[in-house]
Amino acid sequence: MTLALAQPSAPASPPSAPSAPSGSASAAALPPWTPVEVDDDDRVQGELPGTDAAAVNNPAISAGRAASAPVTGPVGPRVVDEERVHKALPGTDAAAVNNPAIAAGEKMDPRGAAGFKPWEVGGFIDVDYAYNSNNPDNHVYRGTSVQPRTGEFSLNHAVAYVRRDAVPGRFSPLFEFAAQAGPAADALVAYEPVAGGANGKFAGPEVWKHISRANIGFRTRHGTEVVAGLHLSPVGVGIHWSPYNWNYTVTWQLNSVPYYLSGVKLAQTIRTRHQVQLWIVNGWQLLADNNKAPSVMLGYTFTASERFNLGEYVWIGPEQTDMRPRAWRLFSDTQFTYNTDKFGISGVFDVGADPRTDLPLSPWQMWMNGALFTRWRVLGEARTWDMALRPEFFWDRDGRMFGVPQTLVSGAFTNNFRVFNNLLLRVEYRYDHSTNRHGFFYRGGAITDDATGLARDQHTLFFSVAGVFAHRFGGRPS
């Protein structure tokens with residue numbers, strides 16, 4: 001999966017307009033208003049509806065059209081709420097589902113259920129350009145499904161979603177659906193199996209690649225959740241939706257654990273700070289199972305405050321065609337996050353093992369990894385400039401996760417510029433090193449996993465522009 005992180009505090013409620021001083025223009029009496037009956041739907045306009053959208057980048061369409069006048073009211077220009085910059089990136093609520101690392105630093109809505117708006121629609125578009133020092137001919141950044149293309153401008157990921165949250169203190173339905181497209185969407189499901197092989201149907205990457213999330217369930221007033229469908233996985237620090245991570249690219253750790261899970265989640269919140277979880281799923285990032293038995297994950301999160309949380313997840317289950325208990329995968333993920341407006345630190349440590357009964361002598365294949373995430377505010381309160389630094393190691397002793405025995409060492413340094421409420425600019429330098437003597441990274445014409453001439457090092461520079469959108473609605477007025 002994931003860190004994900006957005007700006008640290010929750011979206012602030014739009015502040016009410018300040019009272020005007022006595023004698024100001026807004027305090028003056030307004031002129032009499034005479035109602036005029038106008039049916040907007042029947043009015044014949046002077047230009048074809050949709051001309052603004054059609055004219056973008058096309059001067060032939062816009063020729064002869066007068067520039068739009070500024071929107072004004074009786075006392076001057078009207079403030080457009082959508083242009084106000086909030087502290088949290090729009091869509092943070094959706095990104096934080098099942099991912100405590102993103103939620104850290106978010107403040108609870110003080111209005112409670114009376115002013116809570118349970119429905120949200122939103123989405124984002126992420127466009128990037130990546131320069132890779134190895135210049136692979138296939139333009140592929142090996143080993144990642146979040147930024148899989150290099151050496152070109154890429155419409156990396158586009159997502160649109162609708163969701164319904166539980167109303168605090170009430171029995172409420174839960175619903176989430178997100179659609180996606182782009183190279184990151186294709187790479188996400190590239191390894192989806194088709195049960196039955198060539199004779200199987202109704203599964204595989206072409207079936208699932210445009211679905212990012214799809215689940216439905218309920219939450220009781222006592223904090224019990226039952227949700228079934230396609231979920232964001234809580235394992236690891238970070239998510240597949242890159243605008244909400246502290247760094248633009250994700251860790252090798254996140255590319256080795258599930259980004260999504262298909263099955264049922266049962267969760268119970270205890271005294272608001274503790275939550276225990278039971279997941280019964282098809283398998284390790286699988287929508288179509290590769291055997292006939294589910295896997296199980298147990299989870300626990302502790303939210304000490306709105307700034308700090310801790311999570312532990314344990315995975316047990318068959319991830320091979322051999323479903324005997326002696327062949328089950330064992331895995332542990334431990335993570336923590338401390339996040340404020342000015343500073344954040346997060347860490348993750350994983351260890352896993354597969355008893356490979358499909359190989360001679362049934363060897364145990366093991367891996368271990370750790371990463372430390374830091375971010376700090378350089379300038380600004382709303383329009384901000386943040387930096388993030390992340391070192392990481394990934395010990396893949398037997399090549400179980402990435403195909404060859406090696407230790408991957410990586411570092412990423414990111415500058416995040418939040419120019420407007422909905423616009424995020426990012427520049428990141430990343431260095432990767434493999435200890436495998438035959439190399440690991442694609443280079444030039446060496447674009448297959450067993451090619452001669454693979455590189456042991458790579459330097460990559462990323463430039464990203466992300467536009468995000470979120471709008472909450474529904475609920476009772478405060």
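Keep in mind that what you see is a predicted model, and the values were worked out from it rather than measured. Below, each value reflects all heavy atoms present in this structure, side chains not excepted, and no hydrogens, waters or symmetry copies.
Applying the salt bridge (charged side-chain N to carboxylate O under 4.0 Å, His left out) criterion to Asp449, with sequence neighbours excluded, gives Arg142. Under the salt bridge (charged side-chain N to carboxylate O under 4.0 Å, His left out) criterion, Arg472 pairs with Asp93, Glu120, Asp165, not counting sequence neighbours.
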How far apart are the C-alpha atoms of Thr407 and His433, what are their side-chain angles, what is the distance that settles it, and do they pass the side chain to side chain contact (heavy atoms under 4.5 Å, CB included) test? CA-CA 8 Å; Thr407 296; His433 171 75; over 6 Å; no

Would you check, one step at a time, whether the test side chain to side chain contact (heavy atoms under 4.5 Å, CB included) holds for Ser242 with His157? CA-CA 9 Å; Ser242 60; His157 205 188; 5.8 Å; no

Can you check side chain to side chain contact (heavy atoms under 4.5 Å, CB included) on Arg390 and Thr374, steps first, answer last? CA-CA 6 Å; Arg390 182 193 68 218; Thr374 60; over 6 Å; no

May I have the step-by-step check of side chain to side chain contact (heavy atoms under 4.5 Å, CB included) for Phe373 and Leu389, ending in yes or no? CA-CA 6 Å; Phe373 308 77; Leu389 180 65; over 6 Å; no

For Asp350 and Ser332, run side-chain hydrogen bond (donor to acceptor under 3.5 Å, both in side chains): C-alpha distance rounded to whole Å, both residues' side-chain angles, the deciding distance at 0.1 Å, then the answer. CA-CA 6 Å; Asp350 291 355; Ser332 168; over 6 Å; no

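For Gln365 against Arg400, the heavy-atom pair with the smallest separation is OE1-CD, 2.9 Å. Across all non-hydrogen atoms, the minimal contact from Ala388 to Asn247 is O-ND2, 3.5 Å. Here the closest heavy-atom approach between residue Pro148 and residue Thr144 is recorded as CB-O, 3.9 Å. Closest approach of Ala470 and Gly91 over heavy atoms only: CB-N, 3.3 Å. The two residues Gln335 and Val235 have their closest heavy-atom pair at NE2-C, 4.2 Å. Nearest heavy atom pair, residue Gln277 against residue Ala267, reads CG-CB, 4.1 Å.
Not a single donor-acceptor pair under 3.5 Å links the side chain of Asn339 to the backbone N or O of Ile345. Without hydrogens or angle criteria, His139 side chain to Thr150 main chain gives a donor-acceptor distance under 3.5 Å. Of the possible polar contacts, one joining the Thr340 side chain to the Phe343 backbone as a donor-acceptor pair under 3.5 Å is found. The main-chain N or O of Gln180 is found under 3.5 Å from a side-chain atom of His210 such that the two form a donor-acceptor pair. A donor-acceptor pair under 3.5 Å links the side-chain atoms of Asp333 to the main chain of Gly236, judged by distance alone. Side chain of His438 to backbone of Val404: no donor-acceptor contact under 3.5 angstrom is found. Using a distance-only test at 3.5 Å, with no hydrogens or angles considered, no donor-acceptor pair links the side chain of Arg164 to the main chain of Leu174. Here the side chain of Ser434 pairs a donor or acceptor atom with the backbone of Asn436 at under 3.5 angstrom. For Asp398 (side chain) and Met366 (main-chain N/O), a donor-acceptor pair under 3.5 Å exists by modelled atom type. Using a distance-only test at 3.5 Å, with no hydrogens or angles considered, a donor-acceptor pair links the side chain of Glu192 to the main chain of Leu287.
Side-chain contact between Gln285 and Tyr259: present, with at least one pair of heavy atoms (C-beta onward) separated by less than 4.5 Å. Counting heavy atoms from C-beta outward, Trp284 and Pro258 have side chains that approach closer than 4.5 Å. Two residues are said to be in side-chain contact when any heavy atoms from C-beta on lie closer than 4.5 Å; Ile211 and Leu230 meet this criterion. The side-chain heavy atoms of Phe218 and Ser172, taken from C-beta on, include no pair separated by under 4.5 Å. Pro90 places a side-chain heavy atom less than 4.5 Å from the side chain of Asn422. Between Thr251 and Ser410 the shortest side-chain heavy-atom distance does not fall below 4.5 Å. In this structure the side chain of Arg430 never reaches within 4.5 angstrom of the side chain of Gln458, judged on heavy atoms. Side chains of Val465 and Leu423 form a contact here, defined as non-hydrogen atoms less than 4.5 Å apart.
Atom CH2 of Trp315 is separated from atom OH of Tyr313 by 12.5 Å, given to the nearest 0.5 angstrom. Note that CZ of Arg443 is 9.0 Å distant from OG of Ser133, once rounded to the nearest 0.5 Å. Thr269 contributes atom OG1, which lies 13.5 Å from atom CZ of Arg271 (distance to the nearest 0.5 angstrom). Here the straight-line distance linking atom CZ of Phe308 with atom CZ of Arg273 works out to 12.0 Å at 0.5 Å rounding. For the atom pair OG1 (Thr435) and CD (Gln406), the distance works out to 6.0 Å, reported to the nearest 0.5 Å. Note: Phe394 CZ to Asp432 CG = 13.0 Å, rounded to the nearest 0.5 Å.
Taking the six-membered ring where the residue is Trp, Tyr141 and Phe462 present tilted rings, their angle falling between 30° and 60°. By the 30° and 60° cut-offs, the orientation of the rings of His459 relative to Tyr431 is tilted. Classified by interplanar angle (parallel below 30°, tilted 30° to 60°, perpendicular above 60°), the ring pair Trp279/His231 is perpendicular. Between Phe402 and Trp252, the ring planes are perpendicular. Angles over 60° get that label, and only those under 30° would be called parallel.
Within 6.0 Å of OH in Tyr429 there are more than 12 heavy atoms belonging to other residues, nucleotides or ligands. Summarising the local packing, CD1 of Ile125 is surrounded by 12 or fewer heavy atoms from other residues, nucleotides or ligands at distances under 6.0 Å.
Remark: Arg375 is not positioned above the aromatic ring of Trp385, lacking an NZ or CZ atom under 6.0 angstrom from the ring centre and at most 45 degrees off the axis.
With Phe440 as the fixed residue, the side-chain contact (heavy atoms from CB on, under 4.5 Å) test singles out one of Asp457, Leu408, Asp396: Leu408. With Tyr161 as the fixed residue, the ring pair (Phe, Tyr, Trp, His ring centres under 6.0 Å) test singles out one of Trp119, Phe124, Phe175, Trp241: Trp241. Evaluated for a salt bridge (Lys or Arg N to Asp or Glu O under 4.0 Å) with Asp386, the options Lys342, Arg377, Arg426, Arg418 yield exactly one hit, Arg377.
Side-chain polar atoms of Gln268 and Thr224 form a donor-acceptor pair below 3.5 angstrom. Asn138 and Tyr442 share no donor-acceptor pair across their side chains, judged by distance under 3.5 Å alone. Checked by atom type, the side-chain pair Gln253/Asn255 shows no donor-acceptor distance below 3.5 Å. A side-chain donor from one of Asp126 and Tyr248 sits under 3.5 Å from a side-chain acceptor of the other. A donor-acceptor contact under 3.5 angstrom links the side chains of Glu428 and Thr249, judged on distance only.
A centroid separation of less than 6.0 Å is found between the aromatic rings of Phe153 and Tyr129.
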